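Note that this is a predicted model, so its numbers are computed, not measured. The figures that follow rest on heavy atoms only: side chains count, while hydrogens, waters and symmetry mates do not.
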Amino acid sequence: KDNASGGDCYLIGNWDWATKTCTLTTDVYETIQIDSDYITLDGNGHAVTGTAPLPIGCGIYLSPWRTGVIIENLNMKNSSYGIFFYGSSNTVLKNSTIEKNESGIYLLSSNDNTLTGNNISNNSVGINLISSSNNILTTNIISTNYYGISLYASRSNSLTGNTASNNYYGICFSYNSNYNILTGNTVSNNSRGIYFF
């Protein structure tokens, strides 16, 4: 939270109020909830394993309608939802490892966000976009998930330079997922590479 102590940041890391950055100094075994706009959460290479506040089993939860948040350098694992965006915009998730979750990265009604340079593996769904538009997914490595990238009722997203391998569905589009752009992706060794339903 954007206040003098960064909310509870001081319990798990260092808070820099000038840059609104919480830098983790330890692994975390509970949900981290971000309640203010323009916050940076720097995982500093630490792991976050979520527990069960609402919504159940989130590792990182952005409270509704957050904007301008940056999440980086995390190892997010063993949660129902690794990172949960709800109504989020202009948020960046980068350079993180997302593994062994039900949904690794879950965007619901979230537009104009960027997911870049993440390593996403061994989830049921690696990246799950639902009713989310104008997002940029670039240079992510997505492997050994059931769905690598799944888009449902999600329009005008840009997928560029991602690698999807050894998933059941590499990239899957379903129900009113129109006007999306795929450029320069590598899709290999999936049961279904790029699937339109």
With a 4.5 Å limit on heavy-atom distance, are the side chains of N135 and L115 in contact?
no
Side-chain heavy atoms of N44 within contact of N73, under 4.5 Å
no
Short side-chain donor-acceptor distance under 3.5 Å, D35 and S63:
yes
Name of the residue among T163, N162, T139 meeting side-chain hydrogen bond (donor to acceptor under 3.5 Å, both in side chains) with N185:
N162
Would a 4.5 Å heavy-atom cut-off, applied to side chains only, mark I142 and N167 as touching?
yes
Give the C-alpha distance, both sets of side-chain angles, the deciding distance and a yes or no for side-chain hydrogen bond (donor to acceptor under 3.5 Å, both in side chains) between T67 and S89.
CA-CA 5 Å; T67 189; S89 62; 3.1 Å; yes
Evaluate T40 against T19 for side-chain contact (heavy atoms from CB on, under 4.5 Å), listing each step before the verdict.
CA-CA 8 Å; T40 296; T19 62; over 6 Å; no
Could you go through T160 and I136, starting from their C-alpha distance and side-chain angles, then the distance that decides it, and tell me whether this counts as side-chain contact (heavy atoms from CB on, under 4.5 Å)?
CA-CA 8 Å; T160 304; I136 297 171; 6.0 Å; no
When the ring planes of Y146 and Y169 are compared, do they come out parallel, tilted or perpendicular, using 30° and 60° as the limits?
perpendicular
Expected output: side-chain N128 to main-chain Y106 donor-acceptor under 3.5 Å
no
Output all residues satisfying disulfide bond (SG atoms under 2.5 Å apart) with C22, sequence neighbours left out; order by chain, then residue number.
C9
Checking L74, V69, V48 against L41 for side chain to side chain contact (heavy atoms under 4.5 Å, CB included), the one that qualifies is L74
Within this structure, what is the OG1-NZ distance for the pair T114 and K94, rounded to the nearest 0.5 Å?
10.0 Å
Criterion side chain to side chain contact (heavy atoms under 4.5 Å, CB included) against I127, the qualifying member of I83, I149, L93:
I149
Looking only at the side chains, is there a donor atom on one of S132 and S110 sitting less than 3.5 Å from an acceptor on the other?
no
Once the angle between the rings of Y86 and W65 is folded into 0 to 90°, is it parallel (under 30°), tilted (30 to 60°) or perpendicular (over 60°)?
tilted
Using 30° and 60° as the class limits, which term best fits the ring planes of F197 and Y195: parallel, tilted or perpendicular?
parallel
With distance as the sole test, does N190 use its side chain to make a donor-acceptor pair with the main-chain N or O of A164 at under 3.5 Å?
yes
Heavy-atom distance under 4.5 Å between the side chains of V187 and L182, does that happen here?
no
Could you tell me if the side chain of E99 sits less than 4.5 Å from the side chain of N75, heavy atoms only?
yes
Out of the candidates N123, N78, N122, only one should pair with N101 under the side-chain hydrogen bond (donor to acceptor under 3.5 Å, both in side chains) rule; please name it.
N123
Just jot down the side-chain hydrogen bond (donor to acceptor under 3.5 Å, both in side chains) partners of R192, sequence neighbours excluded, or say none.
Y168
Establish, from distance only, whether the side-chain atoms of N111 and N134 form a donor-acceptor pair under 3.5 Å.
no
